[in-house]
Each structure stands twice: as structure tokens, then as C-alpha cells.
Amino acid sequence: MKFLQTINSPADLRRLRLEQLPEVADEIRHYIIETMARVGGHTGASLGAVELAVALHYAFDTPRDRLVWDVGHQAYAHKIITGRREQLPTIKQYNGLSGFLRRDESEYDTFGAGHASTSISAALGMAIARDQHGESHHVCALIGDASLPGGMAMEAINQAGHLKTRLIVLLNDNEMSIAPAVGALTGYLNRIREAQSYHRFKDEVGETLRAVPTFGERLHHAAKTVKDALAAAVLPGALVNELGFKYIGYVDGHDTRALVAALREAQQIEDSPVIVHALTTKGKGYAPAEKNRYKWHASGPFDIATGNAIKSGGSAPPTYTAVFGKTMCELMAKDEKIVALTAAMPDGTGIDQVLEKFPARAFDVGIAEQHCVTFSAGMACEGLKPVVTVYSTFLQRAFDQIVHDVCIQNLNVTFCMDRAGIVGGDGPTHHGLLDIAYLRPVPNIIVMAPKDEGEMRDMMLTAIEHKGPAAMRYPRGNGVGADTSREPQFLEIGKAELLRDGGDVAIIAYGSMVHPSLKAADLLAKDGIETTVVNARFVKPLDAGLLLALARTKRLLVTIEEAYLAGGFGAAVLELLEENELQDKVRVIRMGVPDRLVTHGDPKLLLAKYGLDGDGIYTRVKQGVEVLEGLRAGKGAPIRG
Ligand SMILES: Cc1ncc(C[n+]2csc(CCOP(=O)(O)OP(=O)(O)O)c2C)c(N)n1
């Protein structure tokens, strides 16, 4: 590593000569590959953006000039250049570097990110603030081709072109989302790519014509006119002329010299926003990643020589996602009214299997969660049964669409929320901790969570067949090994399941917390404390009959959920008690996630931190029982984050 050891900030990079940058990029790439092979991360996405990061920090005076990265999953080279090289091996781990961007991690992370399509809006805001403060620095957003069609990015382009604000947008066009990018705008960008090959061809033909004796020059001129007209038809005229942007491109996004030149040209444009269009290859420089760009968007640890994944030993039950995809295929085979939707997460949600089997009834709408929900509402109006399959965290984007377009009209849309709860390494932007609180107050919707992957199949059928909006959440990762071979069955809506009966204490668990609660009940029994354990199944409607009966007969109710406590399942139970004037009759402990950001790290560790595992539940219930028996003051120690 000739250069890398000496680059501790972008200023160090800027001291190098332009012709030294390719070697710097090679060293960064090598370091990313070597580190990702050990710890895993967004390998392919970051390898594709190495030269972009080098050129950006070389051409701009960061951090005075503001760089705004979209999503941030591709920004590992940026982290390396901006003084975080030695921490890269800690990425996504507890107390380590964030996998995305955080303002509190570095002054070079000008805007926190994790969700897509935010960069142009934020950069435009910064550019306007710059102008109002009478400052002169540059603001540059870097956005991927799949994030560009996201609604917010389009809204920002619309305003930026109108305001004519001085702003630079660097488009990282690799033709990929996580999966291949979809949509008409992608087709448009592809045509620009094709035009690049055409231009190369044009130059070669031009030279050949010019070489023809006597008529060469005239032939060349005539051919040029025709070819320019052709080129104009595929050049990005819409962006340039209609939307008020200037366009520089297309640039080879792995050629640092060309990139720096294009960015410097963009810096000269004062009277309008400008888009610099860079063409890149996801996974660039690592053969296995270039070969399978979809699979390598992100990776776990791998063997560098072969690219083979290094698996942690032991066979685990299938993931919730895999069971979900398989069950969707079964249900769709039986009912042709069911349609499946994903917003750019076909593999993450298991919808990839569905897209393959039912291409006419499954839709990847791209990074467009809001559109996805209203699109499904339209289909529901006409009698289809849409299933919107989405990560809990990304459904946050579409809250008003859920309210205004689905629930107010009481339409038959099913929301299946994968990655609900603590997701681990992706951290605060990706934990799905809010969905109970944001769905529960919306009229007309029913909201549920299965205790395991077998019950998830029952809930899928129940939700789809329910006439009206229904939502189901389930966690990231492996199931518990429940039977998934039996036919899905209808569940009675609003009916909980009593799993264990006895004692003065009732543990009422929601979704993923049911099995840890059963474990805790076993531990408590060993200490002579008998507990009742309830699988709540529904947070809306609650099983009021069972819960009120428990409130009248038990001394302590403990509610448990893998979600924020505020507005969550326990809050729903408290509201029910209050409505029935039972709030003073029974002591209640709510277990869940307190009102603070949950960092990134191993999910097991994070769950344990909030007491959301068998041992944590055991400890808290035991404390509660000791309080009841006068052996301890207060409610027992609250869980601290
Ligand atoms: C709102 C939202 N939906 C979905 C995702 C999941 N996601 C992360 S990266 C990504 C693909 C982004 O593609 P692009 O912007 O072209 O960048 P690339 O990975 O190709 O470099 C997606 C869909 C997200 N981060 N945010």
C-alpha cells in the first residue's frame, strides 16, 4: 500500500498528482475486497463507486464543498478517504462504523442516509442555504440510477431545475438497483448508454470515411450530419432542456482523469444545476462480483480466490423470507386474483420466486414505496387482491398512501412487512420498530404478527382473504423451525392463543417475542413461578375478552414486543384496560424498545440489551414478582439502552 497509508483525509489525497489517482483507487479497491472478505458488507455496490469517491474528493474541497451521498451503502471508499480507513473492518458491528452515513460519524458525512432517493432534496436545501448565507462552495449529490426515479429525487429535480440553483448531481449509472433496475427511466438511461457505443462507432466510421481519397472530407461531413441527428434523438434532451439541468456525459466512471475533468467542468456552471452522468460497473475489479452483480450487491464474508461464501456452520431453519416467498407461490397458484408487489426488494422479500413463477401477476415497481401502495389500491378497487411485500422500515415512506388511498377507502390490500423489529448491522435507518405504532391508529386496518413461520402462513391467508386492509409483520432471519408443510388455515380475527395457563402472572407476547416468552416461562417455572403465556396474534383488534379476563384474575400482566414501546402493543393493552376502568386493578409491565435510537450490531446482542430474549424476560418478570411480594421496591429496574 504505497499511497493508502498516507491518506488520512481528502487533503492528503489532493496533494497527489492526477496521474497517481488510478493507483490510489486500486489500493482502495484491494483494501475493500480484503476487508469485505473477512467481515462482509455492501461489497459490489462499494467496489463500483471507488473511482467516483476518489475523483469527488480530489475535485472538490471537502468538507467545505458538500458531498451528499444517496443511501450511503456504496460509500466505503469515501469512508476510507475521510479518515476511517482503519475502522473499516468494524463496519456494521456493534460500536463499529455505520454501514451507511451518519453526521455524527464524520464531518464528511454531510447528510445521514440509509433510505434511497434523498440526496438531491438534501443537497438542494444545502445549496439554497449556501446562497442565502452568501457563501460560494459547491454542493454535489451522488445518486444511483435506481434511486433517481424514486419519487423524492424526481420532485427535487423538478424544483432544482425551476430554481436554477447552482448544484451538481453525479449520477452513478450501473444499470442496477439491488436487482436489475426497472422502469421507463432506466430504459432511457440505457438508451444513453447505447448511444455511447454508437458515438465510439461514429468516430471510427468517421475516420474511415475521412481516409477515402478525394471525397473523404465531404463524405465525412454528410455522415456526421445524419449521425448527429441520430445522436440527438438519444441524447438526454429531456433532462437538459425540459427540466432545466445541464448535462455532462457520459463519463467512464472508472477513469479518474475523465471524472475529475467532468466534475471540474461542472463546477464552472453557475446558472443552473448540472448532471454529470458516470457509467460504472457494480463490483468493478473483483471478477466474481462483476459476474454476478445482483448477488454481490452486498455479501457476507467470502473466500477471495473463489468468491465462495464462508458460511457459519450448522443448518438453520429456513428464513421467514423464504417461507413467505414459497407460500405466496402456493396461494397465487390457487387464487388468480392475488397479485404480488415489491418496491425494489425482490430477493430481500422472497418475491423473486414469485416474479419468476407469475411474471404477469408480480411487480417490481422500483424504489417507489408510495407508488407501490397506491398502485395496489387501484388494483384492489378492481377486485384484485394485492399483497404489498415490503420491509417495515421502507413502508414508513408510504404512510399517507396507507391512510388516504387504502384505509379510508377500506380497500382489500395486504401489507406484509419483512424485517420488522431489530435488523442488526444495518442499524437505526433500517430497524423496523415503528410499524405497530404507525399502523395501529389507522381506521379499518387489522394488524397482526405470527409467533413463527408456520403461523405466518396462516396469517397470509387470513390477511389476503380479509375484506379490507390487513397488515402482518415478521422478523428478519431464520424461523424457529415450525411446520410449514400443512395447508395454511384461516385464523379468527382478533383472537389470541393461550399457550400456557397458570399462576398470578400473564406474559402477553406479540409476534417474535412469543418463543422467547415461552423460554422465560420455563425458566420461571424452575424458580417455582408459574406463568400464563399468551400469543397475542393481533394488536388490532385486540382479543379484548381474553385480555380483560386476565386483567381481572392476574396480579401482573407483562406485555412484550420487538418494537418501540410508544404507541406499540403494550400501549394498546394499557388503553384497553383504561377504557374498561381496569387500570388500577392489575399491575402492568411493558417490555419493548425505549424511546431512543437503536444502534447497529448483532441482533442477538441488541435484543439482549433491551431485555428482549428469554433471559431478559425471565429477569424482568422475576423482578416484577418480587415487587408484588414486597421483596423489592418499585417496578424493578427499567431497561436501559
Ligand atoms: C426507500 C428505500 N427503499 C429500498 C431501499 C433498499 N436499497 C438499498 S440500495 C438499493 C439499490 C440502490 O440502487 P442505486 O441507487 O442504483 O445504487 P447502486 O446500489 O446500484 O449503486 C435499494 C433498493 C432503500 N435503501 N431505501
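Start at 1 and go down the list; that is how both ligands and their atoms are numbered. Because the structure is predicted, anything quoted here is derived from the model rather than measured. Worth knowing before you read on, the calculation uses all heavy atoms, side chains too, and leaves out hydrogens, waters and symmetry mates.
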Where ligand 1 meets Gly144 - atom numbers and elements under 4.0 angstrom, heavy-atom basis = 14 (P), 15 (O), 16 (O)
Is there a nitrogen or oxygen of Met176 sitting under 3.5 Å from a nitrogen or oxygen of ligand 1?
-> yes
So does Arg29 pair up with Glu51, basic N to acidic O under 4.0 Å?
-> yes
Identify the heavy atoms of Ile168 and Phe60 that sit nearest to each other, and give their distance.
-> CD1-CZ, 3.7 Å
Could you establish whether Gly48 and ligand 1 come within less than 4.0 Å of each other, counting only heavy atoms on the residue side?
-> no
re atom 15 (O) of ligand 1, the protein heavy-atom contact at minimum distance is Ser147 OG, 2.6 Å
Would Thr82 and His57 count as having a side-chain donor-acceptor pair, cut-off 3.5 Å?
-> no
Flag Arg397 as yes when one of its N or O atoms lies below 3.5 Å from any N or O atom of ligand 1, and as no otherwise.
-> no
Would you call Lys92 and Asp426 a salt bridge, taking side-chain N to carboxylate O under 4.0 Å as the test?
-> yes
Any Ala181 heavy atom less than 4.0 Å to ligand 1 | no
Does an N or O anywhere in Ala45 fall below 3.5 Å from an N or O of ligand 1?
-> no
Around atom CZ of Arg264, are there more than 12 heavy atoms of other residues, nucleotides or ligands at under 6.0 Å?
-> yes
Side chain, backbone, both or neither: which part of Asp145 has a heavy atom under 4.0 Å from ligand 1?
-> both
Within the structure, does His430 bring an N/O atom to less than 3.5 angstrom of an N/O atom in ligand 1?
-> no
Among Glu175, His73, Met345, whose heavy atom sits nearest atom 17 (O) of ligand 1?
-> His73
Any N or O of Ala146 closer than 3.5 Å to N or O of ligand 1 | yes
Heavy-atom contacts under 4.0 Å between Ile367 and ligand 1: side chain, backbone, both, or neither?
-> side chain
Could you tell me whether Arg102 and Asp104 make a salt bridge, using a distance below 4.0 angstrom between a side-chain N and a carboxylate O?
-> yes
Does Glu562 come within less than 4.0 Å of Arg473, counting only side-chain N to carboxylate O?
-> no
Could you tell me whether Gln74 and ligand 1 have an N or O pair separated by under 3.5 Å?
-> no
If you count the atoms of ligand 1 from 1 in the order shown, which ones are under 4.0 Å from a heavy atom of His297?
-> 9 (S), 19 (O)
Val387 and Lys385, any side-chain heavy atoms less than 4.5 Å apart | no
Taking everything shown except Glu34 itself, do over 12 heavy atoms lie less than 6.0 Å from its CD?
-> yes
For Asn174, take its heavy atoms, then give the atoms of ligand 1 lying under 4.0 Å from any of them.
-> 18 (P), 20 (O), 21 (O)
Can you list the atoms of ligand 1 that are under 4.0 Å from a heavy atom of Lys282?
-> 18 (P), 19 (O), 20 (O)
